[in-house]
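Step one of this worksheet: look at the structure below.
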Amino acid sequence: MLLRLPTSLSEARRCLAEGAVPVGGATLVWAQWQRDGFPEQAMSLRRLPEATVVDGETLGAAVLLHQIDDRVPEVLRRAAASIGTGAVRRTATVGGNIVGSTLRCLLPPALVLDARATVMDGDGTYEAELAEVVAKRPLMLGIRWRRPLVSAYRKAPGDVGGPPPLVVATAVHAEQDGGRRLFTAVRDGDDVVGGSVPATADPGRVLDALEGTALGRLPVETRDVVRREVTDILGRADG
């Protein structure tokens, strides 16, 4: 297998056109390749500047999970730190987790940050909704988001080999009109659902409004956890 390491967007597009298979840390595909055969060409973005950036509003797809630090919002940092073992986090990438993984631990944080993905195809780069990225699995270069006022992440304990543990991500954002908006996203089993409502001064009204979103269709015990997390983040936003 030939591993190609483009250093520019034009070179990366050429690799795609020539049939190179995008790969990050290969933590999700190595066993499959050993079983089914290796592709003739693979492409890593780890030398592409647009895919390796880390700052307060951008995270590249080729960034390794252990490289995610306090430059990014708390919700993303805590999510990355909870994924796998230290060895996995030193190999697995942001793009692999969001696009390639069925667990997608970084997806709920990205949703509550109101993030959009930068993706690339044969014609160039463009922005896409995260739902489109998860469904169509294009080559993702990174994500960009709005900086929140506060954010938080909760991952329930889980058993190795068991079902995916419950994840609840929350964030409060400032609105242009001077108000605030609460974003909440939940991974319950294999599904990720989210919703956003105005973050008014009355926590009870906020919680009632969330019941009218997709979150209101979650199981009762899951909604109880969401209510606790939302109450906590609203208190932090007011503190």
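Since we're looking at a predicted model, the values are computed, not measured. Sequential numbering from 1 along the given sequence is applied to the chain's residues.
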Taking [Y] as the starting point, is it possible to reach [X] by hopping between hydrophobic residues whose side chains are less than 4.5 Å apart?
X      : Y      : answer
Ile68  : Val167 : yes
Leu76  : Val94  : yes
Val192 : Val226 : no
Val225 : Leu182 : yes
Val193 : Leu107 : no

(message) Please determine whether side-chain contact (heavy atoms from CB on, under 4.5 Å) holds for the pair Arg187 and Lys155, giving the CA-CA distance in whole Å, both sets of side-chain angles, and the decisive distance to 0.1 Å.
(response) CA-CA 9 Å; Arg187 184 188 69 194; Lys155 186 176 185 179; 4.1 Å; yes

(message) Does atom CZ (Arg205) have a neighbourhood of more than 12 heavy atoms from anything else shown, all under 6.0 Å?
(response)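 No, not enclosed.
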
(request) Please say whether more than 12 non-hydrogen atoms of neighbouring residues, nucleotides or ligands are located less than 6.0 Å from CD in Glu127. (result) yes

Determine yes or no for a side-chain-to-main-chain donor-acceptor pair under 3.5 angstrom, with [X] supplying the side chain and [Y] the backbone.
X      : Y      : result
Gln67  : Val63  : no
Arg89  : Gly84  : yes
Asp121 : Gly124 : yes
Gln41  : Arg4   : no
Thr231 : Arg227 : yes
Asn97  : Cys105 : yes

Between [atom1] on residue [X] and [atom2] on residue [Y], distance to nearest 0.5 Å:
X      : Y      : atom1 : atom2 : value
Ile83  : Leu103 : CD1   : CG    : 8.5 Å
Ser151 : Arg77  : OG    : CZ    : 7.5 Å
Leu106 : Leu130 : CG    : CG    : 11.0 Å
Thr170 : Leu234 : OG1   : CG    : 8.5 Å
Leu45  : Leu139 : CG    : CG    : 5.0 Å
Thr213 : Leu215 : OG1   : CG    : 3.5 Å

Regarding [X] and [Y], does a basic nitrogen lie under 4.0 Å from an acidic carboxylate oxygen?
X      : Y      : answer
Arg180 : Asp238 : yes
Glu211 : Arg223 : yes
Arg146 : Glu57  : no

(message) Regarding Thr58 and Arg144, do their side chains bring together a donor and an acceptor under 3.5 Å, going by distance alone?
(response)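 On atom types as modelled, these side chains qualify, holding a pair under 3.5 Å.
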
(request) Ignoring hydrogens and angles, state whether a donor on the side chain of Arg181 or Ser196 is under 3.5 Å from an acceptor on the partner side chain. (result) yes

To check you understand the geometry: which heavy-atom pair defines the closest contact between [X] and [Y], and what is its length?
X      : Y      : answer
Asp190 : Pro164 : OD1-CG, 3.6 Å
Arg116 : Glu129 : NH1-OE2, 2.6 Å
Pro109 : Ala169 : N-CB, 3.8 Å
Ser44  : Leu3   : N-CD1, 4.0 Å

(message) Set out, in order, the CA-CA distance, both residues' side-chain angles and the distance that settles salt bridge (charged side-chain N to carboxylate O under 4.0 Å, His left out) for Asp55 and Arg71, then state yes or no.
(response) CA-CA 5 Å; Asp55 61 36; Arg71 289 172 288 181; over 6 Å; no

(request) Evaluate salt bridge (charged side-chain N to carboxylate O under 4.0 Å, His left out) for Arg47 paired with Glu11, printing each intermediate quantity in order. (result) CA-CA 11 Å; Arg47 294 183 183 172; Glu11 187 181 357; over 6 Å; no

(request) Quick one: which residue pairs count as a ring pair (Phe, Tyr, Trp, His ring centres under 6.0 Å) with a foot in residues 138-189, not counting sequence neighbours? (result) His173-Phe183

(message) Is the shortest side-chain heavy-atom distance between Met43 and Leu16 below 4.5 Å?
(response)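 In contact.
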
(message) For a 4.5 angstrom cut-off between non-hydrogen side-chain atoms, does Val134 reach Arg104?
(response)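 Yes - at least one pair of side-chain heavy atoms lies under 4.5 Å apart.
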
